[in-house]
Number of protein chains: 2
Amino acid sequence: MKLITRDTSYALHAICYLAKENDRIISVDELVKELKVPRAFIRKVLQKLNKKGILKSYKGAHGGFSLNKKAKSVYLLDIMQVFQGPFKLNECVFKKKACPELKKCRLKKKLDNIEDYIIKELKEISLKKMISSKKL
Amino acid sequence: MKLITRDTSYALHAICYLAKENDRIISVDELVKELKVPRAFIRKVLQKLNKKGILKSYKGAHGGFSLNKKAKSVYLLDIMQVFQGPFKLNECVFKKKACPELKKCRLKKKLDNIEDYIIKELKEISLKKMISSKKL
DNA sequence: GACAAATGATACTAATATGGTATCATTTAT
DNA sequence: ATAAATGATACCATATTAGTATCATTTGTC
Ligand code: FES
Ligand code: FES
């Protein structure tokens with residue numbers, strides 16, 4: 001039961017590396033050397049982040065990637081959702097038909113509360129906080 | 001990105017039903033009729049819960065299942081872990097070798113904090129709370 | 001302009017997890 | 001003895017995750 005998949009993990013580490021290097025353009029080659037991650041896989045990850053506007057890409061010789069936003073306005077939740085889609089604790093599914101007890105079910109309400117909390121937490125963690133050396 | 005799989009969901013609903021019926025022995029047939037869930041699947045789910053000591057089973061004619069614990073001492077986390085294994089936000093994996101920055105990595109620390117929080121939350125939700133009609 | 005160095009786009013494969021089914025063995029109330 | 005139940009297991013289908021490979025396009029440099 002994991003909340004963060006491999007691609008999200010690679011993305012996080014790549015983005016953290018980029019953030020620490022400020023606006024330097026960094027090639028896939030450099031990232032592969034630094035992070036020891038499969039080249040083809042990380043390329044796909046970076047391209048996706050570029051399409052979502054989190055990274056900027058530079059084509060051609062001496063090309064590469066850099067952050068497209070301030071480190072304090074990139075959030076963990078956003079990165080997770082790029083690769084893992086929207087967050088849903090429990091769909092409350094019984095086959096095809098809508099859950100009959102939806103309105104009075106306490107379980108569903110509890111789960112929704114937890115979901116809201118997790119989302120709030122993940123939204124508060126900015127890239128800046130991640131790479132900071134300060135506590136919390 | 002879902003935190004609760006289908007089998008956990010079925011388990012929760014079955015267990016809630018059992019809890020509401022106190023110590024009555026309830027057959028798979030009854031559960032299937034009540035919950036409209038695939039018979040073979042729910043059987044597997046119930047057998048697993050029995051092995052883990054959360055349910056008691058009664059074989060033979062008029063057999064079935066009942067709760068093996070007080071509703072206030074069965075927790076959501078336990079049920080989830082029966083089907084989904086131990087909770088791990090992020091394994092911090094770079095291929096086979098241990099993560100080199102494990103000790104100073106802030107990202108890892110943040111994720112661990114979130115993980116701890118989720119576990120704490122899920123541990124606090126007892127079956128009794130789930131089926132209660134009171135708030136929170 | 002030729003060329004090399006980079007990313008863009010896309011299609012493919014392999015491994016694992018999830019969701020579900022089927023079958024036969026065993027136990028037990030009647 | 002028999003029918004009604006669970007136990008144990010093996011199997012199958014689909015989706016997701018993880019990873020690879022290939023060719024097209026862009027761009028700096030000689
Ligand atoms: S989760 Fe749907 S009624 Fe409980
Ligand atoms: S998660 Fe391992 S060094 Fe950051």
**OP:** Would you list the pairs meeting ring pair (Phe, Tyr, Trp, His ring centres under 6.0 Å) in which at least one residue belongs to residues 14-37 of chain B, sequence neighbours left out?
**Re:**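 Those involving residues 14-37 of chain B do not exist here.
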
How many whole angstroms separate atom [atom1] of [X] from atom [atom2] of [N]?
{"X": "B:Ile42", "N": "C:dG19", "atom1": "CD1", "atom2": "P", "value": "13 Å"}
{"X": "A:Ile26", "N": "C:dT7", "atom1": "CD1", "atom2": "C1'", "value": "15 Å"}
{"X": "B:Leu55", "N": "D:dG7", "atom1": "CG", "atom2": "P", "value": "10 Å"}
{"X": "B:Asp29", "N": "D:dT6", "atom1": "CG", "atom2": "P", "value": "7 Å"}
{"X": "A:Lys56", "N": "C:dT7", "atom1": "NZ", "atom2": "P", "value": "15 Å"}
{"X": "A:Glu30", "N": "C:dA5", "atom1": "CD", "atom2": "C1'", "value": "15 Å"}
{"X": "A:Lys48", "N": "D:dG19", "atom1": "NZ", "atom2": "P", "value": "15 Å"}
{"X": "B:Phe41", "N": "D:dC12", "atom1": "CZ", "atom2": "P", "value": "18 Å"}

Original post:
From the list D:dT6, C:dG8, C:dT21, which nucleotide is the closest neighbour of the side chain of A:Phe65?
Top reply: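 Within the option list, the nearest is C:dG8.
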
**OP:** Flag the pair A:Glu34 and A:Lys20 as a salt bridge only when some basic side-chain nitrogen lies within less than 4.0 angstrom of an acidic carboxylate oxygen.
**Re:**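 No.
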
Original post:
Rest of the hydrophobic cluster containing B:Tyr75 (Ile/Leu/Val/Met/Phe/Trp/Tyr, side-chain heavy atoms under 4.5 Å)?
Top reply: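 None; B:Tyr75 is a cluster of one.
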
Original post:
Residues sharing B:Tyr58's hydrophobic cluster, by side-chain heavy-atom contacts under 4.5 Å among ILVMFWY, directly or via others?
Top reply: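 Its cluster mates, by chain and number, are B:Ile25.
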
**OP:** Using a cut-off of strictly less than 4.0 Å, decide whether B:Asn50 has a side-chain nitrogen or oxygen near OP1 or OP2 of D:dT6.
**Re:**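 It does not, given that no N or O in the side chain of B:Asn50 lies less than 4.0 Å from OP1 or OP2 of D:dT6.
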
Original post:
Does a nitrogen or oxygen in the side chain of B:Ser57 sit under 4.0 Å from OP1 or OP2 of D:dG7?
Top reply: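 Yes, such a contact exists.
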
**OP:** Anything below 3.5 Å on both distances counts as a pair; with that, list the stems of at least three consecutive Watson-Crick or G-U pairs involving DNA chain D.
**Re:**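 Listed by first number, the stems are C:1-30 with D:1-30.
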
Subject >> side-chain contact (heavy atoms from CB on, under 4.5 Å) partners for B:Lys51, two or more places apart >> reply: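 With neighbours one apart ignored, the set is empty.
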
Original post:
Can you name the side-chain contact (heavy atoms from CB on, under 4.5 Å) partners of B:Ser57, sequence neighbours left out?
Top reply: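 With neighbours one apart ignored, the set is B:Asn50, B:Phe65.
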
Original post:
What pairs meet the side-chain hydrogen bond (donor to acceptor under 3.5 Å, both in side chains) rule with one or both residues in residues 37-46 of chain B, with sequence neighbours excluded?
Top reply: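 Passing the test, one end in residues 37-46 of chain B: B:Asp29-B:Arg39.
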
I'd like a table of atom pairs between the protein and nucleotides 9-18 of chain C - only N or O on both sides, under 3.5 Å - with the distance next to each one.
{"residue": "C:dA9", "atom": "N7", "partner": "A:Gln47", "partner atom": "OE1", "Å": "3.2"}

For nucleotides 26-30 of chain C, list the nitrogen or oxygen atoms of the protein found under 3.5 Å from its nitrogen or oxygen atoms, one pair per line.
{"residue": "C:dT27", "atom": "O2", "partner": "B:Gly60", "partner atom": "N", "Å": "3.4"}
{"residue": "C:dT28", "atom": "O2", "partner": "B:Ala61", "partner atom": "N", "Å": "3.4"}

**OP:** Could you pull out all residues at least two apart from A:Phe41 that satisfy ring pair (Phe, Tyr, Trp, His ring centres under 6.0 Å)?
**Re:**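 A:Tyr10.
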
**OP:** For atom NZ of B:Lys120, decide whether the heavy atoms of other residues, nucleotides or ligands shown that lie under 6.0 angstrom number more than 12.
**Re:**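 Yes - once you tally the heavy atoms of other residues, nucleotides and ligands closer than 6.0 Å, there are more than 12.
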
Original post:
Taking only residues two or more places apart in sequence, or in another chain, which ones meet A:Glu124 in a salt bridge (Lys or Arg N to Asp or Glu O under 4.0 Å)?
Top reply: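 Listed in chain order: nothing, the list is empty.
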
Subject >> Residue pairs involving residues 52-75 of chain A (criterion salt bridge (Lys or Arg N to Asp or Glu O under 4.0 Å); sequence neighbours excluded) >> reply: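 Listed by first then second residue: nothing to list.
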
